[in-house]
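A quick write-up on the structure given underneath.
Naming convention: chains lettered A, B, ... in sequence-line order (proteins, then strands); numbering from 1 in each chain.
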Amino acid sequence: MKKGVMRPGHIQLRVLDMEEALTHYRDLIGLIEMDRDEQGRVYLKAWSEIDKFSVVLREADEPGMDFFAFKCVDEASVDNLRAELIKYGCKVEDIPAGDLKDCGRRVRFDTPTGHKFELFANKEQTGKWGINSVNPEAWPEGLKGMKAVRFDHGLLYGPNIAGTTEIFTDILGFDLAEQVVNADEAGIANFLTCSCKAHDIAFIECPEPGKLHHASFLLETWDDVLRAADLISMRDVSIDIGPTRHGLTHGKTIYFFDPSGNRSEVFCGGDYHYPDHPTVIWQEEQLGKAIFYHDRVLNERFLTVLT
Amino acid sequence: MSQIITKHKIQVLNQEQEFLCPSGIALLVGMETINSHCIDVGCRGGGCGVCKIRVINGSFSSKRMSKAHITDEDLQKGVVLACRIFPTSDLKIEVLHTPTSKQVIV
């Protein structure tokens with residue numbers, strides 16, 4: 001957070017059918033539908049989040065990710081980072097306040113991996129859903145499905161992750177918490193954090209630009225991950241892999257797909273990272289174990305199925 | 001009143017395989033149900049393009065597929081994603097696995 005970037009703020013995902021998508025994000029993952037706009041976009045959040053929304057769904061011809069935004073501590077930080085991004089050579093676009101409902105102005109920039117990111121400092125704060133801010137209870141009643149606690153991070157695929165990583169570390173002040181390196185010690189998977197989490201955003205090298213691997217939501221316990229797996233079977237949802245554990249970050253996880261083919265993850269636990277910690281390194285020859293700690297073999301679908 | 005489920009014969013010409021797919025079930029799911037692997041399985045939601053096939057003859061209904069993988073021109077040629085089509089007759093198909101579906105990171 002040394003340059004003022006606090007946390008993932010929102011992700012806008014494209015879906016082929018909005019009502020089907022809501023059965024996934026709202027009824028299965030358990031996000032709360034907070035609002036809709038005149039463009040037909042639907043705004044959702046997980047119950048523990050303070051800001052009004054963290055996931056925006058937009059119906060489109062092609063699934064995938066429109067943009068991923070980070071919240072900064074204040075507008076001055078957004079201004080400073082905007083200037084640094086322009087100086088570095090990023091294409092920067094100013095999005096006015098209100099373009100996303102109840103969200104302040106955003107600064108959008110592109111990256112070598114072909115993804116669009118945004119910085120913003122202001123969004124309406126509605127508080128934790130179903131919980132008083134004074135003398136708060138442990139959790140709200142009336143949650144659906146997997147009862148996701150928060151939108152946690154994203155994993156994106158594209159070319160030149162070294163270039164995008166440089167923007168995140170040198171300009172935005174992220175740390176490289178964990179990394180997979182090849183025989184030449186080049187990073188082929190970079191996990192970056194602006195907090196104490198093992199990752200707030202991650203990148204894996206791939207020739208196709210702008211790809212989404214998954215959007216991830218936090219659950220509290222391993223039992224919650226198993227229960228999520230039960231719901232995936234009970235509702236006949238398209239599964240990818242799990243429940244299992246990652247070597248990278250050591251999170252306990254399950255992967256599945258939304259009805260448009262965007263991959264979702266719910267997970268619990270995992271490593272933490274402080275700014276004085278060295279980068280955790282995995283070697284490419286251990287990639288199977290790095291990704292799936294128990295099977296220790298790669299599932300080709302995990303590497304190649306993207307939106 | 002119970003209905004008799006119609007099963008359609010799916011012939012996968014370039015894999016020399018065939019299987020029966022119940023009506024109302026996506027072709028790809030029908031294939032997975034009998035534990036066949038003749039078509040690669042990806043997201044099962046019309047998004048990733050891994051299960052691309054061409055329908056040579058027969059009829060089907062379909063759901064929306066990603067324009068990044070299936071263009072209007074593809075649709076006219078019978079090129080579709082197996083996860084998004086529902087056979088309404090026996091079908092003859094061929095599998096169109098693309099090099100991108102086989103990419104691995106370097």
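Expressed to the nearest 0.5 Å, how far CG of B/Asp40 lies from CZ of A/Arg301 amounts to 10.0 Å. One finds the CG atom of A/Asp61 at 11.5 Å from the OG1 atom of B/Thr71 (value rounded to the nearest 0.5 Å). Taking CG of A/Leu212 as the start and SG of B/Cys48 as the end, the distance is 12.0 Å to the nearest 0.5 Å. Atom CE of residue B/Met65 and atom OG of residue A/Ser260 lie 13.0 Å apart, to the nearest 0.5 angstrom.
At a 4.5 Å heavy-atom cutoff, the contact between B/Val41 and chain A is made by backbone and side-chain atoms alike.
Here A/Pro63 is the residue among A/Pro63, A/Ala186, A/Gly64 with the most heavy-atom pairs under 4.5 Å with chain B. When A/Ile239, A/Leu298, A/Asp17 are compared by the number of non-hydrogen pairs under 4.5 Å with chain B, A/Ile239 comes out ahead.
Residue pairs meeting the salt bridge (charged side-chain N to carboxylate O under 4.0 Å, His left out) criterion with at least one partner in residues 243-258 of chain A, sequence neighbours excluded, do not occur; the list is empty.
Across B/Arg84 and A/Pro259, no two heavy atoms sit closer than the pair NH1-O, 3.3 Å. Of all heavy-atom pairs between A/Ser238 and B/Cys43, the closest is OG-O, 2.8 Å.
The residues B/Arg64 and A/Glu59 are annotated as salt-bridged, a charged nitrogen and a carboxylate oxygen being separated by less than 4.0 angstrom.
At a threshold of 4.5 Å between non-hydrogen side-chain atoms, the residues A/Leu16 and B/Lys67 do not count as touching. Side-chain contact between B/Lys63 and A/Glu20 is present, with heavy atoms from C-beta onward closer than 4.5 Å.
The number of heavy atoms from other shown groups lying within 6.0 Å of CZ (A/Arg235) is above 12.
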Which atom pairs, one a donor and one an acceptor, fall under 3.5 Å between side chains of residues 285-293 of chain A and the rest of the protein, sequence neighbours left out?
none

